[in-house]
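Each remark here refers to the structure printed beneath this line.
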Amino acid sequence: MTSARPFNFSAGPATLPEPVLCQVAAEMLDWGGSGMSVMEMSHRGKEFGAILERAEADLRELLAVPANFRILFMQGGGLGENAIVPLNLSRGGKVDVVVTGSWSRKSAAEARRYADVHVAAEDNGREIPVGWTLRDDASYVHVCTNETIDGVEFHDLPRLTNGVPLVIDCSSHLLSRPIDWQRVGLAFGGAQKNIGPAGLTLVFVREDLLGHAMDICPTAFNYETVAANHSMYNTPPTFAIYVAGLVFQWVKQLDYAGKRGLAAIEQRNIDKAGLLYAALDASAFYENRVAANCRSRMNVPFFLKDDRLNETFLAEAKDRGLLQLKGHKSVGGMRASIYNAMPLEGVQALVSFLQDFEARHG
Ligand SMILES: *Cc1c(COP(=O)(O)O)cnc(C)c1O
């Protein structure tokens with residue numbers, strides 16, 4: 001499929017697969033002969049029921065989610081989950097957090113309002129710290145498995161041996177690779193990075209972790225209530241679920257390098273990231289500062305040697321159809337987010353621009 005649209009490197013809300021956007025446009029006024037837009041349907045009607053059921057089944061299949069995990073379609077975003085998780089799991093007791101960057105630091109601060117939080121290890125956003133001081137009586141351990149701002153990713157999930165459940169904030173790499181469910185008690189992620197529009201939050205929760213919510217937990221955010229009502233205790237974000245469902249179908253049928261579905265998307269992500277990091281490393285003009293063993297496949301922050309060129313870089317990139325490359329304000333420099341929906345051609349175009357810009361300004 002050839003496209004005249006620019007390549008969009010936004011960290012989120014982020015680029016979506018073009019075939020999905022086209023299908024959404026085609027179905028906007030009349031979904032499946034119903035005479036209604038998905039936005040206009042009752043969430044309890046049979047049409048939306050079918051959309052939600054298929055989205056959940058496809059997601060469960062894609063990520064091989066075991067039967068003892070419930071999938072919840074919620075609202076509140078990743079930041080909402082920073083409160084919702086302790087409200088459901090901590091019982092007001094102990095929570096251990098491993099800080100690897102901006103998002104896990106925020107998670108620790110929010111959980112502190114409900115629980116006794118201990119930072120088990122901390123790094124400044126360039127590598128995954130070692131020597132975690134975990135407490136055996138913690139109610140869970142929180143890690144952010146892809147730090148969107150810092151560009152630090154866990155390529156293997158930690159294996160906790162003390163029976164304490166692991167909670168992962170996987171907002172920005174959910175569905176980019178498999179998840180080792182043996183090591184996870186709960187996973188959450190906002191949709192707007194890799195899955196669909198903003199407004200939908202996905203929660204995967206092991207059944208034994210349901211039913212422990214604190215009294216002050218809002219009913220609409222009580223995992224047990226949400227699970228018992230099949231994500232329909234209150235009105236779920238119907239349109240976002242519909243678009244996410246189309247993205248799941250798109251991933252399922254994706255072919256790449258002789259692979260299909262999640263394996264194809266993972267291989268494509270490995271290749272895209274490999275190409276971009278190789279180009280950055282080959283140059284003295286650009287620099288990525290993250291340790292090689294935990295560089296993110298999704299979010300690639302980088303710096304120009306001379307940051308007086310930043311504005312010129314962004315303006316020229318935009319002229320070349322390469323959008324939203326400005327780094328997060330807390331880090332500076334540039335950031336290329338290359339989520340599932342970014343095609344290989346987008347990264348190739350970025351690499352060729354990097355080389356051309358260096359040739360002219362280096
Ligand atoms: C974007 C992001 C969040 C925040 O998501 P909101 O939907 O804005 O609440 C939390 N954690 C990570 C890792 C993120 O990338």
Side-chain angles (χ1 to χ4, degrees), residues 60 63 65-100 103-122 132-147 154 157-172 174 179-191 200-231 233-234 236:
R60 189 176 284 278
L63 283 174
V65 181
N68 65 330
F69 276 75
R70 303 295 297 265
I71 304 179
L72 311 180
F73 292 76
M74 298 182 68
Q75 303 185 56
L79 287 175
E81 290 302 324
N82 282 345
I84 297 168
V85 171
L87 282 164
N88 276 276
L89 263 51
S90 77
R91 309 180 208 204
K94 298 179 180 176
V95 170
D96 288 350
V97 181
V98 176
V99 172
T100 48
W103 286 114
S104 44
R105 188 166 296 113
K106 276 206 163 94
S107 301
E110 185 74 5
R112 217 164 254 134
R113 305 176 59 175
Y114 307 103
D116 159 15
V117 171
H118 162 66
V119 173
E122 184 161 11
W132 300 3
T133 57
L134 298 172
R135 300 177 294 186
D136 284 338
D137 55 349
S139 48
Y140 65 92
V141 176
H142 175 106
V143 303
C144 175
T145 46
N146 186 64
E147 288 281 1
F154 282 77
L157 292 181
R159 188 206 309 266
L160 302 182
T161 52
N162 57 1
V164 174
L166 178 70
V167 170
I168 63 171
D169 173 0
C170 56
S171 293
S172 51
L174 182 56
I179 293 177
D180 183 351
W181 295 106
Q182 296 299 324
R183 300 187 180 183
V184 173
L186 184 146
F188 70 81
L200 167 65
T201 314
L202 290 161
V203 177
F204 306 77
V205 55
R206 215 173 58 204
E207 272 165 357
D208 61 286
L209 299 176
L210 297 171
H212 308 300
M214 292 163 73
D215 245 17
I216 57 165
C217 180
T219 310
F221 291 150
N222 183 321
Y223 294 140
E224 187 180 39
T225 306
V226 179
N229 289 278
H230 299 280
S231 302
Y233 171 73
N234 66 333

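Small disclaimer: the values here were computed from a predicted structure and weren't measured.
Atom CD1 in Ile168 sits 8.5 Å away from atom CG in Leu186 (nearest 0.5 Å). Going from atom NE2 of His142 over to atom CH2 of Trp103 covers 11.0 Å, rounded to the nearest 0.5 Å. To the nearest 0.5 angstrom, Ile84 atom CD1 is 4.0 Å from Phe221 atom CZ. Between the SG atom of Cys217 and the NE2 atom of His212 there is a distance of 13.0 Å, given to the nearest 0.5 Å. Distance OG1/Thr145 to CD1/Ile179: 7.0 Å, rounded to 0.5 Å. Rounded to the nearest 0.5 angstrom, Leu174 CG and Phe204 CZ are separated by 5.0 Å.
For the pair Thr133 (side chain) and Ala120 (backbone), a donor-acceptor distance under 3.5 Å is present. Here the side chain of Arg70 pairs a donor or acceptor atom with the backbone of Ala227 at under 3.5 angstrom. Side chain of Trp181 to main chain of Leu63: a donor-acceptor pair is present (N/O by atom type, distance under 3.5 Å, no hydrogens or angles). One N or O on the side chain of Asp169 and one on the backbone of Ser171 form a donor-acceptor pair closer than 3.5 Å. Listed for the Arg60 side chain is a donor-acceptor partner under 3.5 Å among the backbone atoms of Pro66. Without hydrogens or angle criteria, Glu81 side chain to Gly189 main chain gives no donor-acceptor distance under 3.5 Å.
Counting heavy atoms from C-beta outward, Leu134 and Val141 have side chains that approach closer than 4.5 Å. Side-chain contact check for Phe154 versus Val143: some heavy-atom pair is nearer than 4.5 Å. Here the side chains of Lys106 and Asn82 are in contact, with some heavy-atom distance below 4.5 Å.
No more than 12 heavy atoms of other residues, nucleotides or ligands lie within 6.0 Å of CZ in Arg113, so this atom counts as exposed by the packing criterion.
The two residues Pro165 and Leu209 make their nearest non-hydrogen contact at CG-CD2, 3.8 Å. Across all their heavy atoms, Met214 and Ser90 have their closest contact at SD-OG, 3.8 Å. For Phe69 against Gly185, the heavy-atom pair with the smallest separation is CE2-O, 3.6 Å. Considering all non-hydrogen atoms of both residues, Ala83 and Glu110 come closest at CB-OE2, 3.5 Å. Residues Glu224 and Leu210 come closest through the heavy atom pair N-CD2, 3.9 Å. Across all non-hydrogen atoms, the minimal contact from Tyr140 to Val164 is CA-CG1, 3.5 Å.
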Step-by-step side chain to side chain contact (heavy atoms under 4.5 Å, CB included) determination, Trp132 to Val98: CA-CA 8 Å; Trp132 300 3; Val98 176; 3.5 Å; yes
Full working for side chain to side chain contact (heavy atoms under 4.5 Å, CB included) between Arg206 and Asn68: CA-CA 6 Å; Arg206 215 173 58 204; Asn68 65 330; 3.8 Å; yes
Side chain to side chain contact (heavy atoms under 4.5 Å, CB included) assessment of Ile216 paired with Tyr114: CA-CA 10 Å; Ile216 57 165; Tyr114 307 103; 4.0 Å; yes
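Judged purely by distance below 3.5 Å, without hydrogens or angles, the side chains of Glu147 and Ser104 pair a donor atom with an acceptor atom.
Evaluated for a side chain to side chain contact (heavy atoms under 4.5 Å, CB included) with Ile71, the options Val65, Val203, Val205 yield exactly one hit, Val65.
A salt bridge does not link Asp136 with Lys94: every distance from a Lys NZ or Arg NE/NH1/NH2 to an Asp or Glu carboxylate oxygen is 4.0 Å or more. A salt bridge does not link Asp137 with Arg135: none of the charged nitrogens is closer than 4.0 Å to a carboxylate oxygen.
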